[in-house]
2 protein chains.
Amino acid sequence: MEEIPKDKVTDASQGLRAIAHELRLSVLCLLLDGPMCVHELMEATGAAQSNLSQHLTKMRLMGIIKNEKRGQQVFYRIANPAWGDLVHALKQIYCPEMCAISGGDV
Amino acid sequence: MEEIPKDKVTDASQGLRAIAHELRLSVLCLLLDGPMCVHELMEATGAAQSNLSQHLTKMRLMGIIKNEKRGQQVFYRIANPAWGDLVHALKQIYCPEMCAISGGDV
DNA sequence: CATTAATATTCGCTATTGCTAATATAATAG
DNA sequence: CTATTATATTAGCAATAGCGAATATTAATG
């Protein structure tokens, strides 16, 4: 494997912390399907408004998601599509049966 | 995208927490190249023995790594190779220049 | 058995995280 | 301007995480 410079490991570990939370990971997964506004995320997750807002702020400050104001609503979207690959890898680990691996030697 | 059951999101977020730390992520990356014993990890990371041991224990309890005793040494290895894919996705996000994507439409 | 090397565990402390309740801001409607 | 809706921010607290120092355990060696 490639050597990763120390400061990149620092960045990456901080990025991981930003999604290493049940609610924040749920939000990330939801946003993989496209942008959503806060109250849509509230309904989808069942989270309290203040709590959700704080988590969204944290993810935004860590560069995971971006926001865009439209009228009185704020839409959030994933900043880098590569997070989709990471979530996919996570699925392979925690719900392999969902990934339905067609061909692979054990 | 596929819907992920809530309990799987819980598991996955806990798994992420287990690697969302600079030292633990470093250990994960090191172990991607193969098993290592504790003092090798100490040298490679520069971490204090007690501290490293605590982090290894945490990762082991979370099922990220496994250990095997050989003599008075304990070797650690990654429990699921799919963590390599996840680290790869992380590299795409935090050090894209290292991934040297050959062909890809922007 | 005594010593040393490798690793794990416990303790005490500080720092960080996560949550709720309350309050603030901003846009829109009337 | 007032009220309402959508979202953000702040404060205060409980829970968790992370660290070093000290101690315990386990295996090898003499």
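Numbered from 1 within each chain, the chains take letters A, B, ... in sequence-line order. Values in this document were obtained by computation on a predicted structure and should not be read as measured data.
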> At what distance, to the nearest 0.5 angstrom, does CD of B:Gln92 lie from CG of A:Asp85?
Replying inline: 5.0 Å
> In whole angstrom, what separates B:Leu23's CG from D:dA17's P?
Replying inline: 16 Å
> How does protein reach along nucleotides 25-30 of chain C, written 5' to 3' as B (base within reach of a heavy atom under 4.0 Å), S (only sugar-phosphate), or - (no contact)?
Replying inline: -SBS--
>> If I take atom CG in residue B:Leu61 and atom P in nucleotide C:dA8, what distance separates them, rounded to the nearest angstrom?
In response: 11 Å
> What is the distance, rounded to the nearest whole Å, between atom CD of A:Gln14 and atom C1' of D:dG18?
Replying inline: 15 Å
>> Quick check on D:dA8: is either OP1 or OP2 less than 4.0 Å from any side-chain nitrogen or oxygen of A:His39?
In response: no
> Among the clusters formed by ILVMFWY side chains lying less than 4.5 Å apart, do B:Leu32 and B:Leu30 turn up in the same one?
Replying inline: yes
>> OP1 or OP2 of C:dT17 versus the side-chain N and O atoms of A:His55: is any pair under 4.0 Å?
In response: no
>> If I take atom OH from residue A:Tyr76 and atom CG from residue A:Asn67, how far apart are they, to the nearest 0.5 angstrom?
In response: 4.5 Å
> Closest nucleotide of DNA chain D for A:Arg17 versus for A:Phe75: which of these residues is on the 5' side?
Replying inline: A:Phe75
> Do any of residues 45-54 of chain A sit with a heavy atom less than 4.0 Å from DNA chain C, and if so which?
Replying inline: A:Ser50, A:Asn51, A:Gln54
> Would you say A:Tyr76 reaches D:dA8's phosphate, i.e. side-chain N/O to OP1/OP2 under 4.0 Å?
Replying inline: yes
>> In whole Å, I'd like the distance from the CE atom of B:Met59 to the P atom of D:dA17.
In response: 15 Å
>> For A:Glu40, is there any backbone N or O sitting under 3.5 Å from a side-chain donor or acceptor partner on A:Glu43?
In response: no
>> Just verifying a value: how many Å separate B:His39 NE2 and B:Gln72 CD, rounded to the nearest 0.5 Å?
In response: 10.0 Å
> How close or far is atom P of C:dT7 from atom CG of B:Leu56, stated in whole angstroms?
Replying inline: 10 Å
> Taking C-beta and beyond as the side chain, do B:Ser13 and A:His21 meet within less than 4.5 Å on heavy atoms?
Replying inline: no
>> Check for me, please, whether B:Ile65 and B:Phe75 land in the same ILVMFWY cluster - side-chain distances under 4.5 Å, paths through other members count.
In response: no
> Over how many whole Å does the gap from B:Glu43 atom CD to C:dA5 atom P extend?
Replying inline: 14 Å
> Any side-chain N or O of A:Lys58 under 4.0 Å from OP1/OP2 of C:dG18?
Replying inline: yes
> Rounded to whole angstrom units, what separation is found between the NE2 atom of B:His21 and the C1' atom of C:dA15?
Replying inline: 12 Å
> Within this structure, what is the CD-to-C1' distance between A:Glu22 and C:dG18, rounded to whole angstrom?
Replying inline: 13 Å
> Going by an N to O cut-off under 4.0 Å, is there a salt bridge joining A:Glu97 and A:Lys91?
Replying inline: no
For a quick test of your reading: what N or O donor-acceptor pairs under 3.5 Å do the side chains of residues 47-63 of chain A make, sequence neighbours left out?
from: A:Ser50; atom 1: OG; to: A:Gln54; atom 2: NE2; distance (Å): 3.1
from: A:Asn51; atom 1: OD1; to: A:His55; atom 2: NE2; distance (Å): 3.2
from: A:Gln54; atom 1: NE2; to: A:Ser50; atom 2: O; distance (Å): 3.4
from: A:His55; atom 1: ND1; to: A:Arg24; atom 2: NH1; distance (Å): 3.0
from: A:Thr57; atom 1: OG1; to: A:Ser53; atom 2: O; distance (Å): 2.9

